[in-house]
Colleague: 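Pasting a structure here, questions to come.
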Amino acid sequence: MARSRTLGINVIDLFAGPGGLGEGFASFANEVGRRPFCIRMSVEKEASAHATLTLRAFLRQFLEKGFPPEYEAYRGGEISREALYAAWPREAVSAYAETLERPVELGRDNTLIRRRLRKILAETESDPWVVIGGPPCQAYSLVGRSRNRGKRGYRPENDERNFLYREYLGILARVQPEVFVMENVRGILSARVHGERIFGRILEDLEHPGEAVHATGARGLEYRIHSFVVDKPPTELEWEDYLIRAEQFGVPQSRHRVILLGIRSDIELQPRVLERSDAVDVRDVIAGLPSIRSRISRGGDSPGAWEYAIRECVRECRGCVSADVYHVMIEKERELDGELPIKASDYPWVEPTLGGGIPSRLRAWLAGQSNRLDGHVARSHMPSDLARYFFAACWAAARDGISPRSDEYPAFLAPDHANWESGKFADRFRVQAWNRPSSTITSHIAKDGHYFIHPDPAQCRSLTPREAARLQTFPDDYHFEGGRTRQYQQIGNAVPPWLARQIAEIVYGILG
Ligand SMILES: C[S@@+](CC[C@H](N)C(=O)[O-])C[C@H]1O[C@@H](n2cnc3c(N)ncnc32)[C@H](O)[C@@H]1O
């Protein structure tokens, strides 16, 4: 087949999740407004994330001409996904081609991946390639490691997830891209296999992927592994230099991840590093969203039952919490007099509102192209958690955003947990402070919302998927497929697209 130029930079997104990293590349526009990066293949095994990726790949084809009205109808629940795709069949086919038609598992479905690779590599001639994405991190992550330690007979060297990065190396050896970007959790820097820290070996493998996977056609393939934040040649870098603190780059979230920039050794260039920007805080990105109260999960939800749970909490706290916190509680309780100021979470579809404090470029980014947004729906909580959330948020309001430690809760709010009184559970319940970037949005948010309590005591709830998505800097027009748990998982797993966009700009500086 004749190979032709596509006039773009080809991107392969591996372990793509909902496409946070890919979104940064696909949406980056250069100085003349052209989008140079073209995602040619994304690989993702989880069905909902795959559906999210496909929908976004579909939508991206409308960036210039404006999103089709059917998209809004789909997000509003008025038409099915099949009807959306049937209205735009050509775009749907192209989106599915990009995401390989179905969820695909690297390591298992390699024949399908190889077939697609052969096709896309044959279609382009001299255009550069970029491989992005990071192998899954459970085995490296600190939480994962402490959990694994408790598993009988667990040996990290037998955990295949530790070696999924070999699949990544295999694709590097095959595609031989000019650049790769590999993301992982901070724990990769200290993870050990056979008692040895594996990060050094991972770096060596990434420097010589052909040799690492014994690919004869890629023996001489070499990469230099640069940092996105420390402007030094690779030989002078410390491992910690690969750590990116997202909050230093305009993301309203403290998120620390290892992100490696591999540049093929024939490209002799020291890339520039990310430029720091002012901190953006929680208030900036979520305060403008409609206030919604939580619902009650057991015993039936009603405005009366909700109000009763709060009033009972205030009553029980009298005399057993300090005056400054109690003062906030009383003030909040007073707001309940008369009609309840906020409704239950029945806002699947609302007008987007962005706070005045957001820097203008980030504002335009978050607003996206839609004038409605979805996913602003709170989960339900047990009345006991409702009271804990109310107490914790009032405490944080009185104490500059600091959450109470477990030994600072009144006894009646103690959960049924053996070690609660030790005071060690400083973090069991965490209120996200208005005036700081949030803590890391993780996929854990799908399990319980205790770490992600909304700072407004009157709302008494954990963050909605849309709030989590805003803290992760997904544009408001980004739709996450699947039920709420799946949505939270996808959002928590992603690279913040706003950070990804800045990373894409650096890669463009190398190849553009
Ligand atoms: C940390 S997330 C990736 C996030 C993504 N880079 C983003 O920015 O949105 C890792 C993803 O890898 C997927 N995954 C794990 N093992 C996989 C495999 N063997 N093949 C394909 N996908 C896999 C998981 O389902 C998960 O969505």
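All ligand and atom numbering here is 1-based and tracks the order in the structure.
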Colleague: Could you tell me which atoms of ligand 1, counted from 1 in the order shown, lie closer than 4.0 angstrom to a heavy atom of Gly19?
Modeller: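 Once the distances to Gly19 are compared, the set is 9 (O).
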Colleague: Would you say Glu238 has more than 12 foreign heavy atoms packed within less than 6.0 Å of its CD?
Modeller: no
Colleague: Run the ring-ring contact (aromatic ring centres under 6.0 Å, His included) check on Tyr85 and Tyr96 step by step: do they pass?
Modeller: CA-CA 10 Å; Tyr85 288 162; Tyr96 272 113; 5.7 Å; yes
Colleague: Any idea which atoms of ligand 1 are less than 4.0 Å away from a heavy-atom of Glu46?
Modeller: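 That gives atoms 25 (O) of ligand 1.
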Colleague: Consider every N or O of Gly134 and every N or O of ligand 1, then say whether any pair is closer than 3.5 Å.
Modeller: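 Not met; the criterion fails.
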Colleague: CG of Asp278: more than 12 outside heavy atoms within 6.0 angstrom?
Modeller: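 Check fails, neighbour count at 12 or below.
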Colleague: Testing Arg56, Arg75, Arg372 for salt bridge (Lys or Arg N to Asp or Glu O under 4.0 Å) with Asp477, which one passes?
Modeller: Arg56
Colleague: Do any nitrogen or oxygen atoms of Gly133 lie less than 3.5 angstrom from nitrogen or oxygen atoms of ligand 1?
Modeller: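 No, since none of the N or O atoms of Gly133 sits under 3.5 Å from an N or O of ligand 1.
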Colleague: Look at the side chain of Glu204 and the backbone N and O of Phe199, then say whether any donor-acceptor pair between them is shorter than 3.5 Å.
Modeller: no
Colleague: For ligand 1, which atoms, with element, lie under 4.0 Å from some heavy atom of Gly20?
Modeller: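 Numbered from 1, ligand 1 contributes 7 (C), 8 (O), 9 (O).
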Colleague: Could you tell me, atom by atom, which parts of ligand 1 come under 4.0 Å of a heavy atom of Pro18?
Modeller: 9 (O)
Colleague: Counting only heavy atoms, which portion of Ile132 has something under 4.0 Å from ligand 1: side chain, backbone, both, or neither?
Modeller: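 No part of Ile132 comes within reach of ligand 1.
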Colleague: Counting each atom of ligand 1 from 1 as listed, which ones have a heavy atom of Ala16 under 4.0 Å away?
Modeller: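 That gives atoms 5 (C), 7 (C), 9 (O) of ligand 1.
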Colleague: Can you confirm whether more than 12 heavy atoms, excluding those of Gln270, are under 6.0 Å from its CD atom?
Modeller: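 Enclosed.
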Colleague: Would you say Val104 touches ligand 1, if touching means a heavy atom closer than 4.0 Å?
Modeller: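 Yes, Val104 has a heavy atom closer than 4.0 Å to ligand 1.
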Colleague: With heavy atoms under 4.0 Å as the rule, classify the contact between Ala494 and ligand 1 as side chain, backbone, both or neither.
Modeller: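 For Ala494, backbone and side-chain atoms both sit under 4.0 Å from ligand 1.
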Colleague: Answer yes or no for Ala49: is there a heavy-atom contact with ligand 1 below 4.0 Å?
Modeller: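 Ala49: no contact with ligand 1 (<4.0 Å).
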Colleague: Please say whether more than 12 non-hydrogen atoms of neighbouring residues, nucleotides or ligands are located less than 6.0 Å from CZ in Arg219.
Modeller: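 Enclosed.
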Colleague: Name the one of Ile510, Leu172, Leu221 that satisfies side chain to side chain contact (heavy atoms under 4.5 Å, CB included) with Arg264?
Modeller: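 Result for side chain to side chain contact (heavy atoms under 4.5 Å, CB included) with Arg264: Leu221.
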Colleague: Looking only at distances, can you tell me whether any N or O atom of Leu164, backbone or side chain, sits closer than 3.5 Å to an N or O atom of ligand 1?
Modeller: no
Colleague: Please state which option from His50, Glu167, Glu44 has its nearest heavy atom closest to atom 25 (O) of ligand 1.
Modeller: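 It is Glu44 that holds the nearest heavy atom.
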Colleague: Before signing off on this row, confirm whether Leu21 and ligand 1 have an N or O atom pair separated by under 3.5 Å.
Modeller: yes
Colleague: Looking only at atom types and distance, does a side-chain atom of Arg224 sit under 3.5 Å from a main-chain N or O of Ile267, one as donor and one as acceptor?
Modeller: yes
